[in-house]
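Everything below concerns the one structure shown next.
Below, chains carry the letters A, B, ... as their sequence lines are ordered, and counting in each starts from 1.
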Amino acid sequence: MKAIPESGTSAVVESEPSKISKFLKRAIQNRYLYLMSLPFVAWAFLFTYYPLWGWIMAFQKYKPKLSVWEREWVGFDNFRMLFHDDTFYLVMRNTLAMSFMSLIAGFTIPIIFALLLNEVKQMAFKKTVQTISYLPHFVSWAVVAGIVSKMLSTDNGAINDLLVWVGIIDEPVQWLAKGHYFWGIVTLSDVWKETGWNAIIYLAAMAGIAPELYEAARVDGASRIRQMWHITLPSIRPTIIILMILSIGNLINIGFEKQFLLGNNLVVDYSKVLDLYALEYGIKINRISFATAINIFNSVVAIILLFTANGLFKRFSKESVF
Amino acid sequence: MSARSIRRGVSRSERIFDVLIYTFLIVAAFVTLYPFLNVLAISLNDSTDSVRGGITIFPRQFSLDNYKAIFTYDTLFTGFKNSLLRTLIGSVLGLLSASMLAYTLARRDFQGRKFVSTYLAITMYVTAGLIPFYILIKDLHMMNTFAVYVLPGIVSAFNVFVVRSFMDGIPYEIQESAKIDGANDFTIYWRIILPMTKPALATIGLFLAVGQWNSWFDTYLYNGSSEQLTTLQFELVKVLQSTTNNSGDYRSPNISQITNTVSPDSVKMAITIFVSVPILLVYPFLQRYFVKGLTLGSVKG
């Protein structure tokens, strides 16, 4: 009678330490792997996870002298203020307008570029065009901004010179001083900078398409354009969809470098984006709590967009990132 | 020509299609290249002559005065030194972190594998934002330090995943036989896996180097007041912003500020070239690596 509970307890007592000792045994075996990963895990904690703690500032009245525990709690006041700020809606409009424009251009143009380049059978030509196309990706936005403002300049800027020469405009236009051109200029600069780079993945995907598919299509009398439409494009569909989901997640995080560098006082109503707005409040006029609320809003929307995009694609196609 | 086309089974519409494609691609390549050539030509042209306009891709009155002018700026050299230093240190540290983390994630028998990989994946989507990060840097007393250029960016999940998917392709038996020979995990990583991962490392190294060389915003934000810690890109931003963007008026400054020998516009173009050249010299040589690396990392996620 006694034997049963005894053996029961001894089993429990025995299995518990054996689990731990198993873990420890493996941990000792893995010690070098732990040594190689944990310092960087800690590092990532400090610079990416730990700042999330700073989100608390958005619900408090930030005072640099006081610690987190001593600050006054204000609940959602900062968010309420944010949603009552007219600039916020202007900034949202600019952010979304520029991100949608660059999303559309950033997908269609590199795909078209890759499709056309894929049709080129002469390797030397193909390689040359490709190498040239990557070039702008490697220079900074600071350099691109310098080049773009030179090209658009009224003093011998290439664009104005060309348009005047062709006769489309009578006299040079100050492109960068007019707000309603700003979104287009940013989008086109982005297209110029990244098209070649973004096409790399599509070209790689196209290189993997079985040649038999094209042969079969040729036998059936399909033209080159029909082959592109019915074979090449469907074959790279998974790649397109995965990249699209990833970029929809980043839709709201369009960055601010190009807007910062190409913008100026005259076009500020069209150039100000969320991050610049946060920067202005947070660092320039020291309304840290309000600026943090902007950052939080930004992150929340980004995550909602990512999951929505993933959900939609899962539903309508078989591809998804997770 | 048509006889040859028929013999090769190529129809007239196919020919036209080819011509259109080649034309389009040549135009695209020209549009990509022209701005660089134009800027280069202006930077190499006599600045007073440049004002007359009409320079396209060749300098009209060749002169190195613009470059002579920029080499008299001391801050440009400080900037160059800092940019070079941050590129070297930042790339090495970044490569070390990416390859070490990737190696542990590629080891099937590593206990912490699942945790570390989820932990890193989250950092790709959740970021605190500019302001909390700024406060962190301030609290760590990293304002006005060189460290702010290299330390925050050491771990990048994207880079880890690119290297990891490359390492996944290396047969595991190699590691097992090394183990039997008595090598520890670190030795296997350093002596066996790292040399075999060269193409992926070249790709990531290039990404890191380009990122480091091209960044200016951290200088603006954290070290903007320190002349000793300036970077080349930040000097360029300052020069560009001083005469165009914030002045609001685009017509007057360029012409009115012309000094006796050098106009700001030509100098700007010379600095632009000076800032871009180092990175443009390396990328064609690394092309075959980054094409491979980018494809691997992004398609597999």
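In this structure, the side chain of A:Lys150 does not engage the main chain of B:Asn38 through any donor-acceptor pair within 3.5 Å. No donor-acceptor pair closer than 3.5 Å links the side chain of A:Thr292 to the backbone N or O of A:Met57. Without hydrogens or angle criteria, A:Asn78 side chain to A:Ala293 main chain gives no donor-acceptor distance under 3.5 Å. The backbone N or O of B:Ala98 sits nowhere less than 3.5 Å from a side-chain atom of B:Asn159 that would complete a donor-acceptor pair. Checked by atom type and distance alone, the side chain of A:Asn160 pairs as donor or acceptor with a backbone atom of A:Leu152 at under 3.5 Å.
Heavy-atom distances place the side chain of B:Tyr220, and not its backbone, under 4.5 Å from chain A. Residue contact with chain A, scored on non-hydrogen atoms closer than 4.5 Å, involves the side chain of B:Ile137 exclusively. Contact annotation for A:Ala302: neither backbone nor side-chain heavy atoms come within less than 4.5 Å of a heavy atom of chain B. In this structure, chain B has heavy atoms under 4.5 Å from both the backbone and the side chain of A:Ala27. Looking at B:Leu105, neither its backbone nor its side chain comes within 4.5 Å of chain A, counting heavy atoms on both sides. Heavy-atom distances place both the backbone and the side chain of A:Phe23 under 4.5 Å from chain B. Interface residue B:Leu206: only side-chain heavy atoms are found under 4.5 Å from chain A. Using a 4.5 Å cut-off between heavy atoms, B:Phe110 contacts chain A through both its backbone and its side chain. Using a 4.5 Å cut-off between heavy atoms, B:Leu221 touches chain A through its side chain atoms alone. For B:Leu130, the parts sitting under 4.5 Å from any heavy atom of chain A are the backbone and the side chain alike. Using a 4.5 Å cut-off between heavy atoms, A:Tyr34 contacts chain B through both its backbone and its side chain. When heavy atoms are compared at a cutoff of 4.5 Å, B:Met269 approaches chain A solely by way of its side chain, counted from C-beta outward. Interface residue B:Phe17: only side-chain heavy atoms are found under 4.5 Å from chain A. Of the two parts of B:Ile273, neither the backbone nor the side chain holds a non-hydrogen atom closer than 4.5 Å to a non-hydrogen atom of chain A. Both the backbone and the side chain of B:Gln111 come within less than 4.5 Å of a heavy atom in chain A.
Between chain A and the residues B:Ser97, B:Ser156, B:Gly54, the most heavy-atom pairs under 4.5 angstrom are made by B:Ser97. Ranking B:Thr56, B:Val116, B:Ile122 against chain A, the residue ahead of the rest is B:Ile122, based on heavy-atom pairs under 4.5 Å. Chain B forms the most heavy-atom pairs under 4.5 Å with one residue out of A:Leu279, A:Asp161, A:Leu38, and that residue is A:Leu279. Among A:Lys121, A:Gln29, A:Met151, the residue with the largest count of heavy-atom pairs under 4.5 Å with chain B is A:Met151. When each of A:Leu117, A:Val148, A:Leu115, A:Thr195 is checked for heavy-atom pairs under 4.5 Å with chain B, A:Leu117 comes out on top. Note: B:Leu25 leads B:Leu280, B:Leu25, B:Leu236 in heavy-atom pairs under 4.5 Å with chain A. Ranking A:Ile132, A:Ile288, A:Ile303 against chain B, the residue ahead of the rest is A:Ile132, based on heavy-atom pairs under 4.5 Å. Of the listed residues (B:Ile271, B:Val160, B:Leu101), the one with the most heavy-atom contacts under 4.5 Å to chain A is B:Leu101. Chain A forms the most heavy-atom pairs under 4.5 Å with one residue out of B:Tyr103, B:Trp216, B:Tyr119, B:Tyr189, and that residue is B:Tyr119. Per-residue heavy-atom pair counts under 4.5 Å with chain B were compared for A:Ile294, A:Ile147, A:Thr131, and the maximum is reached by A:Thr131. For chain A, the option among B:Val237, B:Leu20, B:Thr123, B:Val282 with the highest count of heavy-atom pairs below 4.5 Å is B:Thr123. The candidate from A:Val129, A:Thr48, A:Val143 with the greatest count of non-hydrogen atom pairs under 4.5 Å with chain B is A:Val143.
Between B:Lys268 and B:Asp265, at least one side-chain N (NZ, or NE/NH1/NH2) sits under 4.0 Å from a carboxylate O, which counts as a salt bridge. Between A:Arg31 and B:Asp185 there is no salt bridge, since no side-chain nitrogen of the basic residue lies less than 4.0 Å from a carboxylate oxygen of the acidic one. We find that B:Asp109 and A:Arg26 are not joined by a salt bridge, their nearest charged nitrogen and carboxylate oxygen being 4.0 Å or further apart.
Partners of B:Tyr34 under the ring pair (Phe, Tyr, Trp, His ring centres under 6.0 Å) rule, at least two apart in sequence or in another chain, are B:Phe30.
The ring of B:Phe217 has its center closer than 6.0 angstrom to the ring center of A:Phe256. Remark: aromatic rings of A:Phe260 and A:Trp141 are distant, center separation not under 6.0 Å.
Among residue pairs with one or both ends in residues 130-139 of chain B, none qualify as side chain to side chain donor-acceptor pair (under 3.5 Å); sequence neighbours excluded.
Counted by atom type alone, A:Asn295 and A:Trp55 present zero donor-acceptor pairs between their side chains at under 3.5 Å.
The local environment of NZ in A:Lys127 is sparse, with at most 12 non-hydrogen atoms from other residues, nucleotides or ligands closer than 6.0 Å.
Residues A:Phe47 and B:Phe133 form a side-chain contact, since some pair of their non-hydrogen atoms from C-beta on lies under 4.5 Å apart.
Rounded to the nearest 0.5 angstrom, A:Lys126 NZ and A:Glu119 CD are separated by 9.5 Å.
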